[in-house]
2 protein chains.
Amino acid sequence: MTPRGRGAGAVTLKDVAAAAGVSVATASQALSGRGRMTPATRERVRGAAEDLGYLANALAQGLRTGRTRALGVHHERAAANLRTPYFRDFLAGAVEAAHRHDHDLVVLSSDTSRPRTTAPRVDGVVVVDPIADDLRARELMALPVPVVAGEHVPSSMPPCAVVAADHATAVRAVLDAAARQGVRHPMLVAPDENSGWGEVLRDVVGAWSAERGLTPVLVASRFGELSVDRHEELLAPVLADRPEVDLVLAASPFAAQAAMAVLRGMGRQPGRDVLVAACADEPALLAEDPPVTAVELPAYALGVACVERLVAILEDDRGPAAALGTVQTVPAPVHLRASTAGALTRAMA
Amino acid sequence: MTPRGRGAGAVTLKDVAAAAGVSVATASQALSGRGRMTPATRERVRGAAEDLGYLANALAQGLRTGRTRALGVHHERAAANLRTPYFRDFLAGAVEAAHRHDHDLVVLSSDTSRPRTTAPRVDGVVVVDPIADDLRARELMALPVPVVAGEHVPSSMPPCAVVAADHATAVRAVLDAAARQGVRHPMLVAPDENSGWGEVLRDVVGAWSAERGLTPVLVASRFGELSVDRHEELLAPVLADRPEVDLVLAASPFAAQAAMAVLRGMGRQPGRDVLVAACADEPALLAEDPPVTAVELPAYALGVACVERLVAILEDDRGPAAALGTVQTVPAPVHLRASTAGALTRAMA
DNA sequence: GTGAAAGCGCTAACAG
DNA sequence: CTGTTAGCGCTTTCAC
């Protein structure tokens, strides 16, 4: 009958009420500052709570009020991705903002092998990098709590409030720089339709190319593929097939590294015969020869912005629905490096 | 009467029960796999839950069962410290282990300006670097849930299960290396009695010195001081006062950097006239001239170990009390570098 | 096999 | 001004 375990021994409001000689209801109001009562009573209850070391049970409070003062963060394979600086920075930003607003920040378990059987005890959720085939993400987005997506939502997922890096501006800066070097045959290597980021990149490159009467080559990769080798396997045949390509714009820095290797293997010199750039930065890109132009994804700022957005939605009287389609962007610095700085020497006319 | 807000609209067990034509009690048992009933009934309930997208309310479940499947992490000024690699690595390890055991991981709000009014909804807490004057840490340690300290607990705090780096072994390796270069007058700069780490370092250096008939100079600093300048202000007078010191062992890498600067300013050449080492590593130490010997604190491994320990305590039938005094250590690699490699040229006999 | 009822700790109406 | 009452969603005896 009594719950097994850890909760046992905790001081409850009943204990405080008894000690102060009032009812639990009065005690509750005394502590929350609500209700009208003599200052004396209120002080007596406060004192009792203090003496007993009373801390309200957040579970019970949350059950009753529907508010938990906790926010959740979900990332597909959170534990594994926590090895990447991107998610770490993001999380650091999210924690900073959550704590500033006096909320706990819950890193939701993301063992995707089994579906959650339980709705997380949070007031809202940030889904970092929503991926269409991430079942957990879908579950969370179906929850009756507001959701903010950290990055664009693939079109096959339900809409929600979005906070994303300003890829369009950043990628256009890269493309313009490449154009100045005479690029005519851009290739985009980007995650497939499971990723909203991939969709955005295709849109931007598509629009930019159309404005110039160019036709980009589009190659689909898998989101979250961190292996350079795998990307080489993907790119070797397509690059062999398309010798006219004079710019490889890769979403992933690992794909960019792979492109460098493959091109070199084909006897083409990156930065001269062909330009290379990435839509996400990584220290390794600086160590390449030549160093690879890249967009810096502002992970920390995104973490902050996502949580700020979530808090704003929670406090919005119009209700969470008002936020559904909205997109907010965070600037993404562009680092132009030697891989896009050399005038193209056109090997083949 | 109905709680305002976010919870509204959620599918409850009542809805599932109604859809399946059973009572909530039966529905509960059907889903949890407990209780005896016809497979047909169980399937019907499962199906209804599936169709409605039912997720159990973790708050209610937790209130009833006393288990939330969530673990908390507390760090003084968590948000600020999340800028340091140490806490990031620690957190990454903690998340990995927590998720492996199917628990959410809550980064507890650590706005220390106001005390928590609410007990966090977690089954147990990891307190990273417990500091004696951290009120939040004390609050958490008074909670009726098990607590694991990530690093030694200062003697003025209540005891709990401890998981710490093996400072003793590591520091002794550094001291032995220094002794081989002829060190006779070691100085230890370590956090004051607010920090269990500081206490351990003083104990180790004290014991080691006693074994050799040496008397170490002990300087107390403030835990968490990340500024090199502040450390310089602290060290300049003491080092001027104690020209005989031939080894500065600093707990913090920033104190080690400060020592390097101060010594150089005094015309003493670190690595030759005087040795320098740190009890925590930092990239900047590699860039010093000469590079500074340091102990690498295994943050990620500590994060994993703390959570593993917490889970073990939660599953231990003997109850959490059994774990109270225990200390578990994680190896801390030592990086011997040039700052302790040169034979001391004794400027003064 | 299944349902009714109690209660985890708390808050919000409504009486008194 | 304060106490009584009801109920948040769930689990768990205990009758039927």
Side-chain angles (χ1 to χ4, degrees), chain A residues 1-18 20-45 49 52 54-69 117-121 123 143-144, chain B residues 1-18 20-45 49 52 54-69 117-121 123 143-144:
Chain A
M1 188 125 288
T2 35
R4 234 189 314 296
R6 344 293 152 181
V11 181
T12 79
L13 190 54
K14 195 156 82 181
D15 301 328
V16 175
V22 296
S23 75
V24 283
T26 306
S28 169
Q29 291 174 170
L31 295 176
S32 67
R34 276 184 281 272
R36 280 176 302 279
M37 61 184 52
T38 78
T41 313
R42 199 178 291 271
E43 255 331 298
R44 195 148 35 86
V45 175
L52 298 175
Y54 170 73
L55 283 181
N57 180 324
L59 249 31
Q61 210 167 47
L63 183 57
R64 189 59 244 236
T65 62
R67 274 289 243 150
T68 63
R69 300 204 72 80
T117 61
T118 184
R121 64 230 115 239
D123 293 339
L143 241 46
Chain B
M1 187 124 287
T2 34
R4 234 188 312 298
R6 345 293 152 180
V11 180
T12 79
L13 190 54
K14 198 157 80 177
D15 301 329
V16 175
V22 297
S23 74
V24 283
T26 307
S28 170
Q29 292 173 167
L31 294 177
S32 68
R34 278 184 281 270
R36 280 177 303 280
M37 61 185 55
T38 73
T41 311
R42 198 177 293 270
E43 255 331 298
R44 198 148 34 86
V45 175
L52 298 175
Y54 170 73
L55 284 181
N57 180 323
L59 250 31
Q61 201 167 275
L63 182 57
R64 190 59 241 243
T65 62
R67 275 289 242 149
T68 63
R69 299 204 73 78
T117 60
T118 184
R121 63 229 115 241
D123 292 339
L143 242 45

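In what follows, chains carry the letters A, B, and so on, assigned in the order in which the sequence lines appear, proteins first and then strands, with residues in each chain numbered from 1.
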Rounded to the nearest angstrom, tell me the gap between atom CZ in B:Arg64 and atom C1' in C:dG9.
-> 12 Å
Side chain of B:Arg34, backbone of B:Ser28: donor and acceptor closer than 3.5 Å?
-> no
By nearest-nucleotide position on DNA chain D, the 5'-leaning member of B:Gln29 and B:Leu55 is B:Leu55
Base, sugar-phosphate alone, or nothing: which one does A:Thr41 contact when heavy atoms must sit under 4.0 Å apart?
-> sugar-phosphate
Protein-nucleotide distance (B:Met37, atom CE; D:dT12, atom P), rounded to Å = 13 Å
Atom CD of B:Gln61 and atom OG of B:Ser32: how far apart are they, to the nearest 0.5 Å?
-> 9.0 Å
Here the distance between atom P of D:dG9 and atom CG of B:Leu31, to the nearest Å, is 16 Å
Note: for A:Val24 and B:Arg44 on DNA chain C, the residue whose nearest nucleotide lies more 5' is B:Arg44
Could you tell me the separation between the OG1 atom of B:Thr118 and the CG atom of A:Leu55, rounded to the nearest 0.5 Å?
-> 7.0 Å
note: A:Leu13, atom CG; C:dA12, atom C1'; distance rounded to Å ~ 13 Å
Answer with base, sugar-phosphate or nothing: what part of the nucleic acid does B:Ser28 contact at a heavy-atom distance below 4.0 Å?
-> base
Has the side chain of A:Thr26 got a donor or acceptor atom that lies under 3.5 Å from a matching backbone atom of A:Val22?
-> no
Starting from C1' on C:dA6, measure out to CG on B:Leu63 and report it in whole angstrom.
-> 13 Å
Whole-Å gap separating C1' (D:dG9) and CZ (B:Arg67) = 20 Å
Out of curiosity, A:Leu59 CG to B:Leu59 CG, how far, rounded to the nearest 0.5 Å?
-> 5.0 Å
Whole-Å gap separating P (C:dG1) and CD (B:Glu43) = 17 Å
If you look at every strand shown and take non-hydrogen atoms under 4.0 Å, does B:Thr26 touch a base, only sugar-phosphate, or nothing?
-> base
Are OP1 or OP2 of C:dG9 and a side-chain N or O of A:Tyr54 less than 4.0 angstrom apart?
-> no
Classify the nucleic acid contact of B:Thr38 as base, sugar-phosphate or nothing, counting any heavy atom under 4.0 Å across all strands shown.
-> sugar-phosphate
Nearest-angstrom distance from the residue atom NZ of B:Lys14 to P of C:dG3 = 15 Å
